[in-house]
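Everything below concerns the one structure shown next.
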Amino acid sequence: MTDVLVVGAGPTGLTLACDLARRGVAVRIVDRVPEFPHGSRGKGLSQRSLEVFDDLGVVDRLLAFGGTHLPHRKYRGAEVVAEIDPEADRVATPDIPYPTGLMIPQWRVERTLRERLADLGVAVELGAELRAISQDADGVTATVGETRIRARYLVGCDGGRSTVRKAIGLRLHGETPDVQLMAVGDVEVEGLGRDAWHQWLTGDGGIMLCPLPGTDAFQVQASHELGPDGIPLEPTLETFQRTFDRIAGIPGVRLHNLTWRSSYRVNVRMVDRLRVDRVFLAGDAAHVHPIAGGLGMNSGIQDAYNLGWKLGLVLAGKAKPGLLDTYDEERLPTASWLLNITSELLDAVLAAIKESGGGMDAVASQELTQLQLGYRWSRLSRNAASRPNGPQAGDRAPDAPFSGTPKRLFDLFRGPHFTLLGLGERSTAALNDLKTDIVKPYLIGPGGLIDDAGHAAHAYGQDAQILVRPDGYVGLIADAGDTSAVADYLRSL
């Protein structure tokens with residue numbers, strides 16, 4: 001019996017598999033496709049996703065392939081009417097080391113995660129289609145192809161048409177807005193530079209061409225061309241060129257070498273629960289939404305990151321199975337927020353297009369960094385001491401560098417453990433009394449890590465204990481002298 005069977009090897013499934021494998025969990029990951037996808041699909045990682053990949057040890061590889069600060073260049077025909085870098089004013093700070101999102105095609109993210117997974121001794125099993133699921137008190141039996149796989153838990157990361165979701169009797173609730181069907185593909189382009197995301201948006205439709213870093217390709221997103229009968233035509237090189245000529249009308253710009261294509265219709269839907277007994281859903285299998293803001297791939301990554309440490313602790317016998325209930329508790333409200341914010345962004349974009357032919361500025365929002373998302377409402381978020389400033393329990397744990405050492409807080413957080421920060425000398429006794437192998441304690445102050453520049457104090461305040469969860473959120477805030485608060489918190493898990 002394996003510990004966890006992950007169904008679906010996109011960014012969500014691969015993030016989960018990496019997180020589980022580094023915890024020593026026996027994990028298998030299967031996908032029905034016969035070969036790995038090569039299309040761009042999602043093309044951006046949020047600031048919070050970069051922090052997740054810092055923890056998983058792959059962020060440097062991704063930064064080497066991706067790009068930042070790509071201007072949005074808007075046209076009316078051949079005339080440039082506006083150009084803006086939505087993240088121009090965002091620079092690294094001590095608490096936020098990744099201030100901008102990263103433009104990078106999804107296939108590159110997946111390849112990097114597969115390489116990391118291979119380092120951990122796990123390979124994706126291709127051509128492995130899930131056919132059926134049955135559960136009992138001890139585990140899950142999955143029929144994959146002609147093989148039966150027995151696992152203690154199963155996680156469906158298999159996209160919007162999820163076989164896992166259907167097998168456990170859940171469905172996506174919501175609506176399909178009356179928005180035009182869109183076509184997307186990867187093409188090469190003659191006659192346009194790779195220095196901007198080129199955008200033509202009018203009341204009659206739109207087309208956008210975004211250069212994909214590390215490749216010769218652009219991702220094209222366009223209104224679907226219609227046939228004489230009003231039925232959308234298949235997206236082909238010819239139809240993409242026809243859309244460009246109709247909307248942009250710039251002679252000499254030619255599209256060629258279409259290597260991937262797809263169509264999509266906007267849906268705003270989510271499940272009403274993320275778990276049925278020993279089977280969980282994550283990513284698009286659980287929630288689908290407008291692409292405005294580019295949160296789809298990123299939200300699946302956050303789902304996986306939330307679930308991974310909880311499964312790891314339960315499987316290791318270091319937490320009660322009830323800990324898994326907090327996955328629903330924390331991620332369902334986040335999914336609901338996701339549907340709301342992306343729907344609002346889509347409405348803003350469509351309204352701006354009708355009014356002025358602009359609109360893409362509407363997707364440049366601080367909320368899209370995902371750094372503000374947290375879990376203050378969760379039973380895992382406990383403020384055992386009141387503090388006038390600094391993060392609250394449930395908030396993202398900020399980064400901070402230290403004096404005289406290359407270490408920063410994210411270096412301390414990296415790994416499958418909890419991290420206990422003792423701010424000030426009064427916390428020394430509590431750190432010394434700590435007796436558990438799932439928490440790494442660090443004193444910040446005399447005798448410990450030196451915060452001469454005051455960055456840690458600015459981020460967290462002083463004279464307190466801060467317990468940071470394995471997924472980088474504050475779990476507990478306690479008085480510096482409280483020698484039982486952390487043990488009580490861990491015992492409750």
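No hydrogens, no waters, no symmetry mates; every other heavy atom, side chains included, goes into these values.
- In this structure, CG on Asp3 lies 13.0 Å from CG on Leu154, to the nearest 0.5 angstrom.
- Ion pairing between a basic and an acidic side chain is recognised when a charged N comes within 4.0 Å of a carboxylate O; Lys310 and Asp471 show no such pairing.
- With values rounded to the nearest 0.5 angstrom, Thr147 atom OG1 is found 10.0 Å from Arg131 atom CZ.
- Seen from the ring of Tyr153, Arg278 counts as a face-on cation partner, given the 6.0 Å and 45° thresholds.
- Using cut-offs of 30° and 60° for the angle between ring planes, the Phe413 and Phe410 rings count as tilted.
- Looking at Tyr305 and Asp55, their side chains do bring a donor and an acceptor atom within 3.5 Å of each other.
- For Arg32 and Glu125, the salt-bridge test fails: no basic side-chain N is under 4.0 Å from an acidic carboxylate O.
- At least one donor-acceptor pair under 3.5 Å links the side chain of Asp31 to the backbone N or O of Ala9.
- Ion pairing of Asp158 with Arg165 is absent here, as no side-chain N (NZ or NE/NH1/NH2) approaches a carboxylate O to less than 4.0 Å.
- With contacts defined as side-chain heavy-atom distances shorter than 4.5 Å, the pair Ser299/His287 qualifies.
- Contact annotation: the side chain of Phe65 never approaches that of Val109 to less than 4.5 Å [non-hydrogen atoms, C-beta and beyond].
- A cation-pi arrangement is not found for Arg469 relative to Phe418, the charged atom failing to lie both closer than 6.0 Å to the ring centre and inside a 45° cone about the ring normal.
- By the neighbour-count criterion of 12 heavy atoms within 6.0 Å, atom CZ of Arg408 is densely surrounded, having more than that number from other residues, nucleotides or ligands.
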- Can you check side-chain contact (heavy atoms from CB on, under 4.5 Å) on Leu45 and Val52, steps first, answer last? CA-CA 10 Å; Leu45 292 173; Val52 171; over 6 Å; no
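- Using modelled atom types, one finds no donor on one side chain facing an acceptor on the other under 3.5 Å when comparing Glu51 with Gln47.
- Using modelled atom types and a 3.5 Å distance limit, the side chains of Ser49 and Asn298 yield a donor-acceptor pair.
- For Gln462, the CD atom sits in a loose shell: 12 or fewer heavy atoms of surrounding residues, nucleotides or ligands are nearer than 6.0 Å.
- Aromatic pair His72/Trp197: centroids less than 6.0 angstrom apart.
- Leu332 is not listed as a side-chain neighbour of Tyr327, based on a closest heavy-atom distance of 4.5 Å or more.
- Counting heavy atoms of neighbouring residues, nucleotides and ligands inside a 6.0 Å radius, atom NE2 of His417 exceeds 12 of them.
- Here the OG1-CD distance, from Thr15 to Gln302, works out to 8.5 Å after rounding to the nearest 0.5 Å.
- Residue Leu420 holds its CG atom at 11.0 Å from OG1 of Thr436, rounded to the nearest 0.5 Å.
- Summarising the local packing, CZ of Arg161 is surrounded by 12 or fewer heavy atoms from other residues, nucleotides or ligands at distances under 6.0 Å.
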- Task: Give the intermediate values and the outcome of side-chain contact (heavy atoms from CB on, under 4.5 Å) for residues Leu421 and Leu409.
- Result: CA-CA 9 Å; Leu421 305 178; Leu409 283 178; 3.8 Å; yes
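- Salt bridge status for Asp451 with Lys407: absent, with no side-chain N to carboxylate O gap under 4.0 Å.
- Considering only heavy atoms from C-beta on, Leu255 comes within 4.5 Å of Leu209 through its side chain.
- Under 3.5 Å, the side chains of Gln219 and Ser40 contain a donor-acceptor pair of N or O atoms.
- In this structure, the separation between OG1 on Thr369 and CG on Leu50 is 11.0 Å, given to the nearest 0.5 Å.
- Arg116 places a side-chain N or O within donor-acceptor distance of the main-chain N or O of Leu56, the cut-off being under 3.5 Å.
- Taken from CG in Leu274 to CG in Leu281, the straight-line distance is 6.5 Å, to the nearest 0.5 Å.
- Under a 4.0 Å N-O distance rule, the pair Asp328/Arg273 does not qualify as a salt bridge.
- If you check the side chains of Thr2 and Arg28, you find no donor sitting under 3.5 Å from an acceptor.
- Side-chain N/O atoms of Asp54 and Tyr98 include a donor and acceptor closer than 3.5 Å.
- Crowding of Arg148 atom CZ: a count of heavy atoms from other residues, nucleotides or ligands under 6.0 Å not exceeding 12.
- Side-chain contact, Thr326 with Arg331: no donor N or O sits under 3.5 Å from an acceptor N or O.
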